[in-house]
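Worksheet: one structure, shown below.
Computed over heavy atoms, backbone and side chain alike; hydrogens, waters and symmetry mates excluded.
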Amino acid sequence: MQVFMLSRTKRTICTFLVLFLSFFCQRSNLNNLCDPKSDAYLESLLVRYVNFDETPHCGLVLKVDPPTFLICSPLTPKVNGSFFFEGFESDGNRLSFSSSPPLPEGIFFSPFGNSLQGRYSGWMANRISFTITASNPKGSASCTYQPAWMGKLPFKTNLGTCYDSANNPASCSSVSGQDANSLRGISQSYIGPTLVSGVEITT
């Protein structure tokens with residue numbers, strides 16, 4: 001009798017587990033606009049997001065907050081050619097950014113947030129101020145961005161002699177700040193001379 005009761009209890013438990021799992025593992029209703037797993041639900045949200053539509057969808061509102069302020073990043077020197085990432089502070093959401101004048105090549109607004117990123121590779125250090133504007137259909141805010149992008153090092157002079165105050169050759173260990181002493185800059189590289197239309201050209 002005990003064996004019979006035990007097996008029937010096991011069958012009941014197994015039946016309950018099957019019903020329980022089948023309920024939670026069933027596929028979503030693809031025709032239900034309010035089913036978060038359905039394609040229709042996701043497509044509807046995407047359309048609302050792209051069009052800045054704030055009408056409720058199944059109790060969810062994609063709110064658009066206008067920016068009332070925009071704070072640019074502080075002036076921080078950036079080494080020429082190095083990657084940098086700088087953020088902007090604002091109380092708005094779903095913002096798009098623009099710059100006047102346009103940003104130089106290699107620098108762009110990040111698609112993943114209120115930020116700027118890239119590499120500055122100009123020869124001269126930046127001396128331009130940029131007006132950055134954040135906007136959405138409800139409003140806009142601007143700030144002045146003065147980046148400290150450093151220029152490239154000049155070419156090495158390839159000088160190997162140092163000079164004293166009388167302009168006489170001297171040991172580089174006894175003077176400082178001269179080209180032959182610091183040896184800084186970009187190494188020079190030459191190609192040529194190459195004969196072009198009867199003229200020798202060295203690049």
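Ring-plane geometry between Y120 and W149 is classed as parallel, the angle between the planes falling under 30 degrees on a 0 to 90 degree scale with a further cut at 60.
When all heavy atoms of T161 and Q178 are compared, the pair lying nearest together is O-OE1, 4.5 Å. Residue H57 comes nearest to R48 through the heavy atom pair CB-NE, 3.5 Å, listed as atom of the first residue, atom of the second, then distance. For the residue pair G139 and P66, the shortest heavy atom distance occurs at N-CB, 4.1 Å. Taking each heavy atom of P56 and V61 in turn, the nearest pair found is CA-CG2, 3.9 Å. Closest non-hydrogen pair, N80 versus K152, comes out as OD1-CG, 3.2 Å.
Summarising the local packing, CD of E89 is surrounded by 12 or fewer heavy atoms from other residues, nucleotides or ligands at distances under 6.0 Å. Residue E105 qualifies as open at atom CD: its count of foreign heavy atoms under 6.0 Å is 12 or below.
Residue F83 holds its CZ atom at 6.5 Å from CZ of R119, rounded to the nearest 0.5 Å. With rounding to the nearest 0.5 angstrom, the OG atom of S90 is 13.0 Å from the CD1 atom of I132. The OG atom of S115 sits 3.5 Å away from atom CZ of F85, with the distance rounded to the nearest 0.5 Å. Taking CZ of F52 as the reference point, atom NZ of K138 lies at 11.0 Å (rounded to 0.5 Å). Between the CG atom of N126 and the CE atom of M150 there is a distance of 12.5 Å, given to the nearest 0.5 Å. Atom-to-atom distance recorded for L70:CG and T133:OG1 is 8.0 Å, nearest 0.5 angstrom.
Residues in residues 46-100 take part in these disulfide (SG to SG under 2.5 Å) pairs, two or more places apart or across chains: C34-C58, C72-C143. Residue pairs that meet the disulfide (SG to SG under 2.5 Å) test with at least one member in residues 157-194, sequence neighbours left out, are C162-C172.
Cluster membership check: W123 shares its hydrophobic cluster with L153, using side-chain heavy-atom separations under 4.5 Å among Ile, Leu, Val, Met, Phe, Trp and Tyr. Both F97 and I128 belong to a single network of hydrophobic side chains, linked directly or stepwise wherever heavy atoms of I, L, V, M, F, W or Y lie under 4.5 Å apart. Hydrophobic clustering, with ILVMFWY side chains joined whenever heavy atoms are under 4.5 angstrom apart, groups L42 together with L62. Linking ILVMFWY residues whenever their side-chain heavy atoms come closer than 4.5 Å, directly or via other members, places L45 and Y49 in the same cluster.
No side-chain donor-acceptor contact under 3.5 Å links Q188 to the backbone of F155. In this structure, the side chain of N93 engages the main chain of D65 through a donor-acceptor pair within 3.5 Å. For the pair D179 (side chain) and L159 (backbone), a donor-acceptor distance under 3.5 Å is absent. Side-chain N or O atoms of S73 include one that pairs as donor or acceptor with a backbone N or O of G87 at under 3.5 Å. Looking only at distances, no side-chain donor or acceptor of N51 sits under 3.5 Å from a matching main-chain atom of D53.
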| task | Start with the C-alpha gap between L116 and F130, add the side-chain angles, then the distance that decides, and say whether side-chain contact (heavy atoms from CB on, under 4.5 Å) holds. | result | CA-CA 12 Å; L116 190 72; F130 299 87; over 6 Å; no
| task | Determine, step by step, whether F108 and L103 satisfy the side-chain contact (heavy atoms from CB on, under 4.5 Å) criterion, reporting the C-alpha distance in whole Å, the side-chain angles of both residues, the deciding distance to 0.1 Å, and the verdict. | result | CA-CA 7 Å; F108 53 92; L103 296 168; 5.7 Å; no
| query | Are I107 and F84 close enough, and set up right, to give a side-chain contact (heavy atoms from CB on, under 4.5 Å), and what steps lead you there? | reply | CA-CA 9 Å; I107 299 172; F84 70 88; 4.0 Å; yes
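In this structure, the side chains of Y145 and S129 stay at 4.5 Å or more apart for every pair of heavy atoms.
Side-chain atoms of S173 and S171 form a donor-acceptor pair, as typed in the model, at a separation below 3.5 Å.
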